[in-house]
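Heads up: the structure comes next, in structure tokens.
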4 protein chains.
Amino acid sequence: MPKLGMEPIRRAALVKATIDEIGAAGSLDVTVSQIAKRAGVSSALAHHYFGGKEQIFLAAMRHVLAVYAAEVRGALGMAQTPRARIEAIVKAGFGSSNFRREVVASWLNFYVLAQVSDEARRLLNVYQGRLHSNLVYNLRPLVGDRSDDVANHLGALIDGIYLREALGTQVPNGKKATRQVLAAFELELGTQA
Amino acid sequence: MPKLGMEPIRRAALVKATIDEIGAAGSLDVTVSQIAKRAGVSSALAHHYFGGKEQIFLAAMRHVLAVYAAEVRGALGMAQTPRARIEAIVKAGFGSSNFRREVVASWLNFYVLAQVSDEARRLLNVYQGRLHSNLVYNLRPLVGDRSDDVANHLGALIDGIYLREALGTQVPNGKKATRQVLAAFELELGTQA
Amino acid sequence: MPKLGMEPIRRAALVKATIDEIGAAGSLDVTVSQIAKRAGVSSALAHHYFGGKEQIFLAAMRHVLAVYAAEVRGALGMAQTPRARIEAIVKAGFGSSNFRREVVASWLNFYVLAQVSDEARRLLNVYQGRLHSNLVYNLRPLVGDRSDDVANHLGALIDGIYLREALGTQVPNGKKATRQVLAAFELELGTQA
Amino acid sequence: MPKLGMEPIRRAALVKATIDEIGAAGSLDVTVSQIAKRAGVSSALAHHYFGGKEQIFLAAMRHVLAVYAAEVRGALGMAQTPRARIEAIVKAGFGSSNFRREVVASWLNFYVLAQVSDEARRLLNVYQGRLHSNLVYNLRPLVGDRSDDVANHLGALIDGIYLREALGTQVPNGKKATRQVLAAFELELGTQA
DNA sequence: AATGAATGAGGATTCATTCAT
DNA sequence: GATGAATGAATCCTCATTCAT
């Protein structure tokens, strides 16, 4: 029983299904049919709405990045001091939702996609740029001129620790990850005195 | 006219071809035929020697990790002090050979593979463990008890910076990357005083 | 906001769009969606009006034949003598409108369709029969008993020359084509003397 | 049980199957799978040897044209005088083999293909050029300067009559077709006197 | 040791057609 | 009267893999 205005609903369902399917496979080796079936529609419809497989992936990537950005924004909103905001950004990155199978898989595969797809690389750089800006802005009152360098340090450290936690043999430990980054942060602050 | 003792030569050629092909594609979406053609043999031979596609990938992964390990070993051999050895390890990771298209592609794709393939994850953990040991061992004289934490800090930072350089919009800059990690190292040393 | 009496307008638009689309593709490999989009309606409507793809094609074929028949009729109306009427028929066949991309494509594809579709073959034979009758009728005063043979000669020659002009490497030249057929006509007349 | 040197055998079988399949369908709406099945191989093999559907069609077209050319050559070889050679060319064109379902279908569809595919148009023009040369050459001793015009007349007439016989309601009649063209030939000769 | 031959399984994509609104 | 929604069935093409030689 076809209704009107189904498009946004279907698109959302397909994006969700794509992320889940990538999570289940661990890679982008996912067929449009699998995605469509998980979303409860035909593969033809997926093509109808997105135009092709690559665009489905990009939509999924956009979604993951948007969710992450929203989490960071939410965390920032509650923090009052620069220092608290830095901590909020770090914590947000290591929230348990970011260690869910499908989110990890999405990130890793987006890294791969970014090598080849201009649009994917662009999206990734936008996200990294925003994170960097946030850090720089809040670091300025604390470390002044060094805020750019420190932001690079913390930003890269977040990525590196995320990678290790995500691919380690043990269950990812967000708390420990957060602690590690904040320790580096304290270190940088200590040099100010 | 088949020669004797061709096996190791063929295997090496196929591994090399696999890495190059992954580099050219940016992903593991490479066909055995492409690999075989690049190696100058038939695809049937590739199967004959490796048994299947996954095993070809694992052999390639082993090769990349081995080359990296050799570079580190080589760099360590020339360094006399713990501090020099730490620096050598960092520098080795950011040598220009590690930023070659195909090496970057290999690493990123091995991360992806590691989610799914037990053998791949094992290989990755072995490499990370060895790197960690090296760091811990050489950090001990410098930071004592904290050597494990510091090694985690530096190890993750190396990975994170590598990722950002590899996927940035600019040409990767190994010198800058090295400087960034060593700055963090100095920071950690500074706390000793 | 549907209007009343839209049906004939829609049908005409769809027939026109079909012919144009066949012209653009050069073949019957055109989708109902393409046709419908060109006509500015939904593909569902095209089905609604015509019942299916084949019927859309047949309607287009009928249209092309009807236009051609009308051109011939128009030309005949102005000619006063049998000889002038023969010339008019020939000229009408090689008018520039008949060498438009989409008209050529229509004819060639109708030949193909005529092998398979009974209705298409019937339409084609009706057209050929009418042309033949016209020729025979007007040839009678000029060549008497031989009018049937001469009509076959001229009719086939028209088709053959049309084919060659339409598919040649050069831009079709209706004047030259006309001259060639009329030369054959004169030849046939000459034998009377 | 794979043998060596199968390629030419498979190619020939696939070309034959293509022509037959086009004949059965009456159009180029034939799937690679149908063709392959008729040739007794997998569709994958068809792609392997030809690269794609269009190339299969072109190979089939080349074959049909080559067969026709061979028939003309054969007929020409036995004729001693220019006049006999003209007659041989005409007769060859209307031999019963050329009215076989699949040959007719091939020709009609190649006309269609020639509008779109450069290679197809080229092939068709080569064939027409060769026919024309043959006619011109043998007409020269008979009609002198007019040989080019007469060749055009006869060539186009052959095509036109072929078309009408092939698409008529009655069984094609090669004898009658031949007679018709030769009558036009006599007409042209008569003007010489 | 090495390969040409061959294929089954699948995968992205297209499309005519249907249907509820 | 008209359409957006939806799909089943195909179609081209690819590819890992097998096998006889």
Side-chain angles (χ1 to χ4, degrees), chain A residues 1-7 9-10 29-37 40-56, chain B residues 1-7 9-10 29-36 39-56, chain C residues 1-7 9-10 29-36 39-56, chain D residues 1-7 9-10 29-37 40-56:
Chain A
M1 51 205 110
K3 303 265 176 59
L4 262 69
M6 290 268 75
E7 175 155 358
I9 298 170
R10 295 307 191 198
D29 264 323
V30 182
T31 73
V32 175
S33 293
Q34 285 165 1
I35 292 171
K37 174 177 282 187
V41 299
S42 70
S43 71
L45 195 67
H47 278 93
H48 178 63
Y49 281 130
F50 287 91
K53 202 187 187 184
E54 168 142 11
Q55 277 140 302
I56 298 179
Chain B
M1 51 210 105
K3 307 264 175 56
L4 287 162
M6 290 304 285
E7 174 153 357
I9 297 172
R10 297 304 196 196
D29 265 325
V30 290
T31 73
V32 174
S33 293
Q34 285 165 0
I35 292 170
V41 300
S42 71
S43 70
L45 195 65
H47 276 89
H48 179 64
Y49 279 135
F50 288 90
K53 203 188 187 183
E54 167 140 13
Q55 278 135 304
I56 298 179
Chain C
M1 49 215 109
K3 306 262 175 57
L4 288 162
M6 291 303 286
E7 173 153 358
I9 298 173
R10 298 302 196 197
D29 266 324
V30 289
T31 73
V32 175
S33 293
Q34 284 165 0
I35 292 171
V41 300
S42 72
S43 70
L45 194 64
H47 275 89
H48 180 64
Y49 278 136
F50 289 91
K53 203 187 187 185
E54 166 141 14
Q55 279 134 303
I56 298 179
Chain D
M1 53 207 107
K3 304 265 176 54
L4 262 69
M6 289 266 77
E7 175 156 356
I9 297 171
R10 296 308 191 197
D29 264 324
V30 184
T31 73
V32 176
S33 292
Q34 284 165 2
I35 293 171
K37 173 177 282 186
V41 300
S42 71
S43 69
L45 196 67
H47 278 96
H48 179 64
Y49 280 132
F50 286 92
K53 203 187 186 183
E54 167 141 13
Q55 276 139 301
I56 298 179

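Quick note on labels: first sequence line is chain A, next is B, and so on, each numbered from 1.
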Comparing A:T31 with D:A44, nearest DNA chain E nucleotide closer to 5' gives the residue D:A44
Quickly work out the D:D29 CG to F:dT11 P distance and round it to whole Å. 9 Å
Who are the salt bridge (charged side-chain N to carboxylate O under 4.0 Å, His left out) partners of D:E54, not counting sequence neighbours? none
Which comes earlier along DNA chain E counting from the 5' end, the contact point of A:V30 or that of D:S43, where each point is its nearest nucleotide? D:S43
Just verifying a value: how many Å separate D:E7 CD and D:Y49 OH, rounded to the nearest 0.5 Å? 5.0 Å
From the options E:dC15, F:dC12, E:dT7, select the nucleotide whose nearest atom is closest to the side chain of D:V32. F:dC12
Specify the separation, in whole Å, of atom CD1 of B:I56 and atom P of F:dA16. 9 Å
Closest-nucleotide ordering on DNA chain F, the 5'-leading residue of C:S42 and B:S33: C:S42
Rounded off to whole Å, could you give me the CE-to-C1' distance for the A:M6 and E:dT21 pair? 13 Å
Rounded distance (Å) that lies between atom C1' of E:dT3 and atom CZ of B:R10: 11 Å
Roughly how many Å is it from CG in A:L45 to C1' in E:dT13, rounded to a whole number? 14 Å
Closest approach to the side chain of B:V41, judged atom by atom: which nucleotide of E:dT3, F:dC13, F:dA16 is it? E:dT3
Those residues that, when tested against C:A36, pass side-chain contact (heavy atoms from CB on, under 4.5 Å) (two or more places apart): C:V41, C:S43
Could you tell me which residues satisfy side chain to side chain donor-acceptor pair (under 3.5 Å) with C:Q55, sequence neighbours excluded, listed by chain and number? none
B:Q34 CD - F:dA16 P separation (whole Å): 8 Å
Heavy-atom contacts under 4.0 Å between residues 47-55 of chain B and DNA chain E, which residues? B:H48, B:Y49
Euclidean distance, atom NZ of residue D:K37 to atom P of E:dA6 [Å, nearest integer]: 18 Å
Runs of at least three Watson-Crick or G-U pairs with DNA chain F, cut-off 3.5 Å: E:2-21 with F:2-21
If every non-hydrogen atom of C:V32 is compared with every non-hydrogen atom of C:H47, which pair is closest and at what distance? CG1-CE1, 3.7 Å
